[in-house]
Amino acid sequence: MAVWIQAQQLQGDALHQMQSLYGQHFPIEVRHYLSQWIEGQLWDAIDLENPQEEFKAKRLLDSLIQELQKKAEHQVGEDGFLLKIKLGHYASQLKSTYDRCPLELVRCIKHILYTEQRLVREANNVSSEASFSNSMSQKYQQINQAFEELRILTQDTENDLRKLQHNQEYFIIQYQESLRIQAQLTSLATLPPADRQLREPSLLSKRATVEAWLTREANTLQKYRLGLAEKHQKTLALLRKQQTVILDDELIQWKRRQQLAGNGGPPEGGLDILQSWCEKLAETIWQNRQQIRRAEHLRQQLPIPGPIEELLNDLNSTITDIISTLVTSTFIIEKQPPQVLKTQTKFAATVRLLVGGKLNVHMNPPQVKATIISEQQAKALLKNENTRNDSSGEILNNNCVMEYHQTTGTLSAHFRNMSLKRIKRSDRRGAESVTEEKFTILFESQFSVGGNELVFQVKTLSLPVVVIVHGSQDNNATATVLWDNAFAEPGRVPFIVPDKVLWPQLCDALNMKYRAEVQSNRGLSEENLVFLAQKAFSSSSSNPEDYRSMTMTWSQFNRESLPGRNFTFWQWFDGVMELTKKHLKPHWNDGAILGFVNKQQAQDMLMSKPNGTFLLRFSDSEIGGITIAWVAENPNKAGERMVWNLMPYTTKDFSIRSLSDRISDLNHLLFLYPDRPKDEVFSKYYTPPLCKTLILVFVIMFATPNPDPAANPTYMDHAASPAVSHPSNYGIYPAIMLDNDGDFDLDDTMDVARHVEELLRRPMDGQWSGQQS
């Protein structure tokens, strides 16, 4: 169903959010009447950061305007006449707005479509996440209610301030009147006594009346001032509370979701709602700050002895502290740099100030600098210790000016071409390897607010990064990042994580990572997790409850090798993920791969099934390997059956020939466990017949011609093997050998396969022309 159709069905806050996406920059009527066209364009194919893409954006703008004009021309009737005029006006308006900056139109529409899709997706998940949605709805409602209360309080103090100003101005007028009366009394001394006695009583009476009024009014003004200060205290207390909810709860939760997204968790979500809240905070804080400054100005204009001076100083200090916290806390990393960072490799990051638009920071665009620092330097920075501008390496292209995007109201800096030129490592502790050493990218800038009234030094740290110099270190570096992202606690000292965690916690992290890497809705089942627990703890128990309270240390995870192996638990698991992601994804999603089954389990499962039944399991002995186990007759003992295991296939094998084609080639494999005909499961992935014929021809060309069965009785094609049917004597598998344990060794076939692969890479014309000549 089209996004726009679903978007029109949104309700409540979601509908309000959707409606707020539109305005003069992009009218909602354009979205409505061109919905099908808009959703059919490849907006994501345009790189907004590449100025050379402006030509594509201009073509889309021109097409949009043409579509609008066509839509306008087709309007008929009385209602159609008005719509025709309106759509024509919108066409002119959009051309005028975006003709010189068509990339901004693309940015605007991408933002609209992304937000609509998110709102629709969230609305569709309401039924399955009802309780969560209700709690979020209540929380949002509470936040909005608090903003409404703040608005009323701020309006109330504004009214009181105006009343105070009016009363004070009248007081000053009366004070001037008292001075005038006093001047008149003074001038009586120059008059004859008779005249003085005639006029003096009246003036004295007037002076007494005015002074009595001034005394009363001075007390009233003081009460007004104290009352206003108390109201401001109440407003600031609510402001601080609201700010704590938004910054310490909502923003911290967003950052936590961002961290988990690094492990494959769901996307952290957009910042639109958070930015709107932060902007409301900024607006309210600034209004109250201006009110407090005006109150201070009134006090200086008419000093009246009392506690008001100290109260106003406290209020001014508090409001400055609140706005300082807001500005420094809303300088965030919208797009994190890669957490496994390879030297001499380009990488990107984006930082954003959530209140930049409201506080007019963009009027004097600030520059942001990126520096890489060590874990120890990060600790010192958070303790406000002098780090003497130390860094732990050199980043190229590490300065960027923040840009304001008017259509989205965002102020951000996009670092597009950073590169880590060199890294300076610290002394490592104990068994710690270079792939366990954590760094962070420090982003820092200086913002001036209110026409340089206030200047803030702001800093923010990226999620921890592990620096590598070679691709072979990626596996272990990823383990460090996974553990940190999964088990870091909010507000920690950089970058402390627990050394051991409960097994169920680790299972959640592994499942999250696996689903994301394999891009599958089929995660790790309870049986899969039991298998992993057996491998991790060298246990034979198949009861999940036995592992609930067990803990796994970092050393067990990725320092110590598994018993009898030369690799760690994580290295084995990561190998499985990589193999599945690159070559086995469709088969895993189809449920064709059991995968997490050991050799003995496979034997127990297959022995109760008919000959030719097979299953696919990940190799215990090789990183990133998958093997085929099947049940068949024992060629050495009549009437006895046994389970056979192929030597594991790896990425190298599948880069030559796919799993489905290999299964198709093996005629003795009949049923995928438990009883599904193999063609029913795998045929849709087989290479088309013409391609298979070409490959067959090349294999025959390079295979040993007419192999002698007597000379090599272990050929699959000729020996008394578990094969159910015997293929023709083409020698397609001339080097597939059975070892003493019934395992096939495929190493010797690789030379043939590589010849085939090399020949297939050559230009086709050259191959066939050589044969024709």
Side-chain angles (χ1 to χ4, degrees), residues 1-41 43 61 64-65 67-68 71-72 75 79 82-83 85-94 96-98 104-127 129 133-134 136-148 150-151 246 250 254 267 269-284 354-355 357-358 404-411:
M1 188 186 294
V3 174
W4 182 241
I5 294 174
Q6 298 179 74
Q8 292 175 77
Q9 298 168 6
L10 294 171
Q11 296 179 353
D13 188 50
L15 179 62
H16 178 71
Q17 287 181 54
M18 186 270 285
Q19 291 171 334
S20 68
L21 295 170
Y22 299 95
Q24 287 190 344
H25 63 282
F26 197 81
I28 195 168
E29 291 88 347
V30 176
R31 177 70 175 99
H32 181 74
Y33 288 103
L34 296 187
S35 60
Q36 191 172 351
W37 183 87
I38 289 171
E39 291 177 34
Q41 305 310 304
W43 305 104
L61 171 62
L64 174 68
I65 292 168
E67 290 293 324
L68 262 179
K71 196 75 176 177
Q75 302 306 313
D79 294 337
L82 295 174
L83 183 59
I85 294 175
K86 186 178 283 189
L87 292 178
H89 169 70
Y90 290 149
S92 303
Q93 179 181 312
L94 289 172
S96 171
T97 304
Y98 296 110
E104 286 303 309
L105 172 73
V106 177
R107 188 189 306 277
C108 171
I109 294 179
K110 284 176 73 171
H111 173 68
I112 286 171
L113 291 175
Y114 170 83
T115 306
E116 283 180 352
Q117 288 165 356
R118 176 178 60 78
L119 290 171
V120 167
R121 189 167 59 247
E122 289 172 356
N124 290 338
N125 289 337
V126 164
S127 56
E129 301 173 1
S133 177
N134 288 338
M136 290 299 289
S137 178
Q138 289 175 1
K139 186 181 291 185
Y140 287 4
Q141 192 174 1
Q142 289 169 358
I143 290 172
N144 290 332
Q145 285 173 349
F147 273 125
E148 180 61 17
L150 282 167
R151 187 192 66 79
I246 292 169
E250 298 300 317
W254 182 88
L271 287 163
D272 294 347
I273 293 177
L274 271 170
Q275 175 160 319
S276 70
W277 287 341
C278 292
E279 287 178 340
K280 283 182 183 178
L281 277 173
E283 200 169 18
T284 308
L354 298 179
V355 295
K358 283 295 177 185
Y404 182 67
H405 304 284
Q406 195 158 6
T407 52
T408 57
T410 59
L411 180 69

Would you please test Leu119 and Gln17 for side chain to side chain contact (heavy atoms under 4.5 Å, CB included) and show each step?
CA-CA 8 Å; Leu119 290 171; Gln17 287 181 54; 3.6 Å; yes
If you draw a 6.0 Å radius around [atom1] in [X], do more than 12 non-hydrogen atoms from other residues or ligands fall strictly inside?
X	atom1	answer
Gln145	CD	yes
Glu29	CD	yes
Tyr33	OH	no
Gln36	CD	no
Lys86	NZ	no

In chain order, what residues pass the salt bridge (Lys or Arg N to Asp or Glu O under 4.0 Å) check against Arg107, with sequence neighbours excluded?
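Salt bridge (Lys or Arg N to Asp or Glu O under 4.0 Å) check on Arg107 returns Glu104.
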Results of salt bridge (Lys or Arg N to Asp or Glu O under 4.0 Å) for Glu67 - residues two or more places apart only
Lys70
Is there a side-chain contact between [X] and [Y] in this structure, where contact means two heavy atoms from C-beta onward sitting under 4.5 Å apart?
X	Y	value
Glu250	Tyr140	yes
Glu116	Leu21	yes
Ile112	Ile38	no

Would you check if the side chain of Thr97 reaches a backbone N or O of Gln93 as a donor-acceptor pair within less than 3.5 Å?
yes
About how many Å separate [atom2] of [Y] and [atom1] of [X], when rounded to the nearest 0.5 Å?
X	Y	atom1	atom2	answer
Ile273	Trp254	CD1	CH2	13.5 Å
Gln9	Leu15	CD	CG	11.5 Å
Phe147	Leu281	CZ	CG	4.0 Å
Leu271	Trp277	CG	CH2	11.5 Å
Leu94	His89	CG	NE2	9.0 Å

Quick one: list whatever passes side chain to side chain donor-acceptor pair (under 3.5 Å) with [X], sequence neighbours left out.
X	answer
Tyr98	none
Thr408	Thr410
Gln24	none

Could you report the tightest heavy-atom contact between [X] and [Y], atom names first, then the distance?
X	Y	value
Gln275	Gly409	NE2-O, 2.7 Å
Val3	Val120	O-CG2, 4.2 Å
Ile246	Cys278	CG2-SG, 4.0 Å
His25	Cys108	CD2-SG, 3.6 Å
Leu87	Ala72	CB-CB, 3.9 Å
Glu279	Leu354	CG-O, 3.6 Å

Quick one: do Lys280 and Glu283 make a salt bridge, cutoff under 4.0 Å?
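Salt bridge between Lys280 and Glu283, a charged N being under 4.0 Å from a carboxylate O: no.
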Output, in order, the C-alpha distance, side-chain angles, deciding distance and verdict of side chain to side chain contact (heavy atoms under 4.5 Å, CB included) for Gln41 and Ile109.
CA-CA 10 Å; Gln41 305 310 304; Ile109 294 179; over 6 Å; no
Do Trp37 and Leu64 pass the side chain to side chain contact (heavy atoms under 4.5 Å, CB included) test, and can you show the C-alpha distance, the side-chain angles, and the key distance before you say yes or no?
CA-CA 8 Å; Trp37 183 87; Leu64 174 68; 3.5 Å; yes
How would you list, by chain and number, every residue that makes a side-chain contact (heavy atoms from CB on, under 4.5 Å) with Ser35, sequence neighbours excluded?
Trp4, Arg31, Glu39
